[in-house]
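Notes for the one structure printed next.
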Amino acid sequence: MTKPSLDHLLADLNEPQRRAVECPGGPLLVLAGAGSGKTRVLTNRIAFLIAAQGVKPHEILAITFTNKAANEMKERVESLLGPIARTMWVSTFHAACARILRKEAQQLGYQRNFTIYDAGDQVRVVKRCLKELGLDPKRFPPKGIHAVISSSKNRLVDAEAFSEMVENFFDDTVAKVYTLYQKKLFANNAMDFDDLLMRTVDLFQRFPDRLEHYQKSFRQILVDEYQDTNHAQYMLVNLLAKQHRNICVVGDDDQSIYSWRGADVRNILDFEKDYPEATVIKLEQNYRSTQVILSAANEVISNNSDRKAKELWTDLGEGEPVRVAEMDDEHAEARFVAGEISRLERDACFRAAEIAVFYRVNAQSRVLEDTLIRYGIHYRVVGGTKFYERAEIKDALAYLLALDNPSDSVSFNRIINSPKRGIGAASVTVLSRFADAEGTSMLEAAARAGDIADLRPAAVNAMAAFSATMSQLAESAKSAQVAEILEETLVNSGYLEALSAERTVEAEGRLENLQEFVGVAEEYDSLHPDGSLREFLQEISLYTDIDKMTEVEEAITLMTLHNAKGLEFPVVFIIGAEEGIFPHSRSMEEQNIEEERRLCYVGMTRARQRLYFTYTTTRNLYGSRNYNMASRFIGELPEDLVEFERSRTTHGRFSGGMTGRVRFDDDIGEVDEPATSDEPNFFNVGDDVVHATFGSGVVIGVERGGTVAVRFAADGSERKLMVDYAPLRKA
């Protein structure tokens, strides 16, 4: 192997980057701020260890989170070192563990040829467990049960330990399923993805000789995105690093936004407690954004107390002010964004592909999508699906289409077993043949299911019940408005109940989208008092026609803030910056504001040249209209770096709770506005209250903007809640 020159490995690195690459050994924490070139530091350090410190490639274990990142790291190191780099262990956590277990599985009673079950396989095994235990999958949805099992494994809680932690009936059910689930996996010589981590940690803890073997094998351990590690991953890398203590972790606590996936920001914050002798290097020079954007982001994130202090800076120039726009409602907001996009493309020569719009929850995209279509602006949704293409929206539309046109067999086939009713594909085929033979619709055939000899009794009963439900809904639809029809359909079909029972983050998002679809129907009803279901469906078809459009390269990007991490765009809009939306009401109730602020920081630092925030004084979301305060994150922006503007119809009121430069849409002038005026609260200090999650409590404080402080009896905790969003009522 021809070693690269050390000058080549250190060329064009700034001083902190160079120190990180050259660090001789021992624990190393690289706090890599957004856009600070951490991937280059990581790959150059690997090459430097080999070229300058005599570490053999096979003695290096480099771990990251995605196959894409691992492959990119391999390619970069190979470009520096040549083919010898292929002998390194550069992989994801799961791939590294699978490789270890292929050699060591027999220690744990598995064969080396064990199968790794994917997500679909795992849910199918849970279904079989529920069936064997005589449990109703409608009451205990397999996906929800599996989500709890997966979360437990990521915390290294096995089935036996989980059984000892049971606090309620649902937990007891999960414990029984978890125990049987693991027995089935073992009997099948199979592991799921979470087992790969948990079993490897188990191997190292139970068999010290095997741990010692891998500790000796890996003289240098490097971990990317350390702030995103869960407990199992934390235990794994620290067990392996215990002997040599040559562990280099790279990450940014200010970008830890995945606690709902099990990520624990304490892993990176406590690194110096785990390794008191650690070298800490901060990468603060940003190569992406203007200084105005960075200074604004620095100011916002500085309000978090649980963090390592950093100050991002750049030599790319000051740049444009951050623009904050207050709008009357979500439609005005969408028109503002669409208008600005058109202006940016026309006047500032930004291409559509250089513009992104971020939002906190998927349901926020609906009004924006409708408006972009009207403006003729092409868009793509990254990490998600366009609103009218989402499965739950298609299901809801299929129900409405079947009510309007009972002969629609395509819609019937979509909804007959959605939610699950125990009507399989074979039964539907039998039903279809009967309908063809009788010259009738499939819906009418379902009403006569008892006449079909080839159907099992369970399928007959399910079809009869479905037919009765559709008949009842069709009768109600004759006199009800569209929103009422939709709500009744979602309830009576069992669709909402099935999603609610899943108890997963994904199901919660689907419920939010359906609530937003009810809002679409309510808007239609208000604009068309004499409108009909058929006319509503015809109008919706305008938007669903985009399903047939060819994806164009030049399109703006829409995505949630969580999906934005790791990306960058010249222009970024962050919409819906309102209390209860961003920060999200759930995070406010769970007192997880610091992660919401980190999410804001991530969104802001994706922008390279232009950054916008928008918020509305009133918003219809999830089918209900609320009056909102501007997000606290807007209040944390430095006024001298921000240009405020608002729609004229707000009549001189700026509800952001700040003073500053305000530009009207028609540029008629600028004024200094006062902070938000007091707003009445429904609750008073001393009121006894009940919260749907936290139980009984007493109001101990009332603040402006509809916020109350409550002390709860169960655990003595004190929480601040938004009255408009929290499930809180007087006792």
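Computed from heavy atoms alone, side chains included, the values below leave out hydrogens, waters and symmetry copies.
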Answer whether the closest heavy-atom distance between the side chains of Phe387 and Asp370 falls below 4.5 Å.
no

Separation of Ser493 OG from Phe466 CZ (nearest 0.5 Å)
8.5 Å

Would you indicate whether the side-chain heavy atoms of Arg510 and Asp395 approach each other to under 4.5 Å?
no

Distance check, rounded to the nearest 0.5 Å: Phe582 atom CZ versus Leu561 atom CG?
5.0 Å

Salt bridge check: are Asp121 and Arg124 linked by an N-O gap of less than 4.0 Å?
yes

Do Met191 and Tyr117 make a side-chain contact, defined as non-hydrogen atoms from C-beta onward lying under 4.5 Å apart?
no

Just checking Lys131: does its NZ atom have more than 12 heavy atoms from other residues, nucleotides or ligands closer to it than 6.0 angstrom?
no

Counting C-beta onward and ignoring hydrogens, is there a side-chain heavy-atom pair between Met463 and Ile423 closer than 4.5 Å?
yes

Less than 4.0 angstrom from a charged side-chain N to a carboxylate O is my criterion; do Glu595 and Arg598 meet it?
yes

Anything under 30° is parallel, anything over 60° is perpendicular, the rest tilted; go ahead and classify His528 against Tyr524.
parallel

Got more than 12 heavy atoms from elsewhere within 6.0 Å of CD, Glu497?
no

Heavy-atom side-chain proximity of Asn413 to Met442 below 4.5 angstrom
yes

Any side-chain heavy-atom pair of Glu522 and Ser526 under 4.5 Å
no

Asp158 side, atom CG; Thr179 side, atom OG1 - distance, nearest 0.5 Å:
9.0 Å

Measure up the Trp260 and Tyr258 rings against each other and bin them: parallel (under 30°), tilted (30 to 60°), perpendicular (over 60°).
perpendicular

Hey, are the side chains of Glu160 and Gln182 touching, using non-hydrogen atoms and a 4.5 Å cut-off?
no

Basic-acidic side-chain contact under 4.0 Å: Lys153, Asp192
yes

Atom OH in Tyr178, atom NE2 in His146: separation rounded to 0.5 Å?
10.0 Å

Hey, what's the ring geometry for Phe169 with Phe140, parallel, tilted or perpendicular (30° and 60° as the breaks)?
tilted

Has the side chain of Asp408 got a donor or acceptor atom that lies under 3.5 Å from a matching backbone atom of Leu401?
no

Any carboxylate oxygen within less than 4.0 angstrom of a Lys/Arg side-chain nitrogen, looking at Glu438 and Arg448?
yes

Does the distance from a Lys or Arg side-chain N to an Asp or Glu carboxylate O, for Arg366 and Glu523, drop under 4.0 Å?
yes

Parallel, tilted or perpendicular: rings of Phe186 and Tyr110 (30°, 60°):
perpendicular

NZ/Lys420: more than 12 non-hydrogen atoms of other groups inside 6.0 Å
no

Can you confirm whether Arg625 is buried at CZ, in the sense that more than 12 heavy atoms of other residues, nucleotides or ligands lie under 6.0 Å from that atom?
yes

In terms of side-chain geometry, is the basic nitrogen of Lys184 or Glu132 positioned less than 4.0 Å from the acidic oxygen of its partner?
yes

